[in-house]
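As structure tokens, the structure follows; a few thoughts come after it.
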Amino acid sequence: MSAEVFPALLAASIDPAGLRLLPTAGVPAEAEDDPGTQTTDPVPAAPETDGGENSGEESTAQEVEESEAHDLHAPEIRILGPVEVTGVDSTGHGPRIAQLAALPYFRPGRGADILCSDMDPVSPWSASTLNARLQGLRRSLGSDPAGNPYVPRRRSGDDPYRLSPGVRCDWTRFLQLAERALPLGPAGLPDLERALALVRGRPFGGRPLPWAEPYQQEMITRIIDVTHTVATYRTPAGPHHDPSAARQAVATGLDVDDPAELLYRDWMRIEAAAGNRQGLHTAVTRVQQVNRALDCSLELASEQLINDLLNGSSAAVRIQDPQFRCQ
């Protein structure tokens, strides 16, 4: 979403808020000092544990605090935005090392040839480049309290690459929060909003490596669903009404997927419910601009909603969108 849209969206309220799951990878491993980097059929790595990272309602607050304190010093792979890894520099070889950390987290048990190809399908890495980057990753992540490296050393060239089960990931955290919260209805809003707070932009950044593209699409879909759920609960009058929180959620979702028309309809309903005619026109104008840029027509649901809201139909604000997928 372009930079000028967020101020229009978030400043629309008088009091803006300040505001597997996919199998969590089995611990990526690297082979750094291996005498031979040729690998045979990879052995699947053990699935990664969730690290006990639960944060939630009062009933689980103590459990959450204890587990988070226990894992506080463990490194984290952050892919809900440009890829970042605890301790890995953002300059030099840092960005590629961060992408390398994400690869065995999401696709554990691969051998050297596959990792080299996944990191650069056009010009695959050499074994020496892979080993050098893995050594850099091991140094950056360090070791757990027991002295075990978060990037374990392989014992033979046949061992797969993996990470320690202690390595965390913001996507795993997002799913834990969302999947626990969604069945709770409006009572799950705190966890849904915590999940959205983890999102920093488009998953894996603007140009993911080919191996990451399917994961990116699933993440975008899940983020949009959570965004829409929050907006749906926060827009109508009642105990959960919070236009600022609804706008913040929509801004987060549109930053991930600018053409998501479902979220523009949420934005329109937010402004209509707030009696903000200017904000409503801003939302309508923006979705029309996005569709013109894509050379496509508005969805029928959007056309109908625009017509109803501009003609003063308050009922349109309360209509649940037909594309609402989170139940």
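Every heavy atom of this structure was used, including side-chain atoms; hydrogens, water molecules and symmetry mates were not.
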Determine the minimum heavy-atom distance between [X] and [Y], stating which atoms define it.
{"X": "P121", "Y": "P210", "value": "CG-CG, 3.8 Å"}
{"X": "T235", "Y": "A273", "value": "CG2-CB, 3.8 Å"}
{"X": "P145", "Y": "Y150", "value": "CD-OH, 4.1 Å"}
{"X": "A74", "Y": "R168", "value": "O-NH2, 2.7 Å"}
{"X": "G201", "Y": "V256", "value": "O-CG2, 3.4 Å"}
{"X": "A260", "Y": "I224", "value": "CB-CD1, 3.8 Å"}

Check: [X] side chain, [Y] main-chain N or O, donor-acceptor pair, under 3.5 Å:
{"X": "D170", "Y": "I79", "value": "yes"}
{"X": "E84", "Y": "R78", "value": "no"}
{"X": "S140", "Y": "G136", "value": "yes"}
{"X": "D255", "Y": "A251", "value": "no"}
{"X": "H240", "Y": "Y233", "value": "no"}
{"X": "S117", "Y": "D113", "value": "no"}

task: Give the intermediate values and the outcome of side-chain contact (heavy atoms from CB on, under 4.5 Å) for residues R133 and W125.
output: CA-CA 10 Å; R133 300 293 176 266; W125 283 6; 3.6 Å; yes
query: Are more than 12 heavy atoms from other residues, nucleotides or ligands located less than 6.0 Å from atom CD of Q278?
result: no
- request: Using a cut-off of 6.0 Å, state whether more than 12 heavy atoms not belonging to H93 lie near its atom NE2.
  value: no
Calculate, to the nearest 0.5 Å, the distance between atoms [atom1] and [atom2] belonging to [X] and [Y] respectively.
{"X": "R153", "Y": "D159", "atom1": "CZ", "atom2": "CG", "value": "14.0 Å"}
{"X": "W171", "Y": "I77", "atom1": "CH2", "atom2": "CD1", "value": "15.0 Å"}
{"X": "I223", "Y": "L254", "atom1": "CD1", "atom2": "CG", "value": "12.0 Å"}
{"X": "D266", "Y": "E271", "atom1": "CG", "atom2": "CD", "value": "11.5 Å"}
{"X": "L130", "Y": "D120", "atom1": "CG", "atom2": "CG", "value": "12.5 Å"}
{"X": "E299", "Y": "E303", "atom1": "CD", "atom2": "CD", "value": "9.5 Å"}

task: Tell me whether the guanidinium CZ or amine NZ of R286 lies under 6.0 angstrom from the six-membered ring centre of Y264 and within 45° of its axis.
output: no
Heavy atoms, side chains only, cut-off 4.5 Å: are [X] and [Y] in contact?
{"X": "R269", "Y": "L305", "answer": "yes"}
{"X": "R200", "Y": "P82", "answer": "yes"}
{"X": "V199", "Y": "M219", "answer": "no"}
{"X": "Y161", "Y": "V151", "answer": "no"}
{"X": "N291", "Y": "E261", "answer": "yes"}
{"X": "C169", "Y": "F174", "answer": "no"}
{"X": "L192", "Y": "L177", "answer": "no"}
{"X": "V85", "Y": "I97", "answer": "no"}

State plainly whether the residues [X] and [Y] are in salt-bridge range, i.e. N to O under 4.0 Å.
{"X": "E193", "Y": "R234", "answer": "yes"}
{"X": "R110", "Y": "D118", "answer": "no"}
{"X": "E179", "Y": "R222", "answer": "yes"}

field: V167 and E76: CA distance, side-chain angles, deciding distance, side-chain contact (heavy atoms from CB on, under 4.5 Å) verdict
entry: CA-CA 6 Å; V167 175; E76 182 180 39; over 6 Å; no
field: Verdict with reasoning, R96 to Q99, per side-chain hydrogen bond (donor to acceptor under 3.5 Å, both in side chains)
entry: CA-CA 5 Å; R96 296 296 275 168; Q99 290 175 335; 2.8 Å; yes
task: Take S143 and N148 through the side-chain contact (heavy atoms from CB on, under 4.5 Å) test and state the conclusion after the steps.
output: CA-CA 5 Å; S143 301; N148 302 308; 5.8 Å; no
Test ring pair (Phe, Tyr, Trp, His ring centres under 6.0 Å) applied to W211 and F204, step by step: CA-CA 11 Å; W211 73 264; F204 292 100; 5.7 Å; yes
- request: Check the hydrophobic clustering (I, L, V, M, F, W, Y; side-chain heavy atoms under 4.5 Å; chains of links allowed) and say if L294 and L300 are grouped together.
  value: no
task: Go through S126 and T129 one step at a time and tell me if the side-chain hydrogen bond (donor to acceptor under 3.5 Å, both in side chains) criterion holds.
output: CA-CA 5 Å; S126 66; T129 296; 3.0 Å; yes
- request: For T252 and V230, run side-chain contact (heavy atoms from CB on, under 4.5 Å): C-alpha distance rounded to whole Å, both residues' side-chain angles, the deciding distance at 0.1 Å, then the answer.
  value: CA-CA 11 Å; T252 298; V230 171; over 6 Å; no
Worked verdict on Q304 versus D308 for side-chain hydrogen bond (donor to acceptor under 3.5 Å, both in side chains): CA-CA 6 Å; Q304 184 63 53; D308 290 344; 2.9 Å; yes
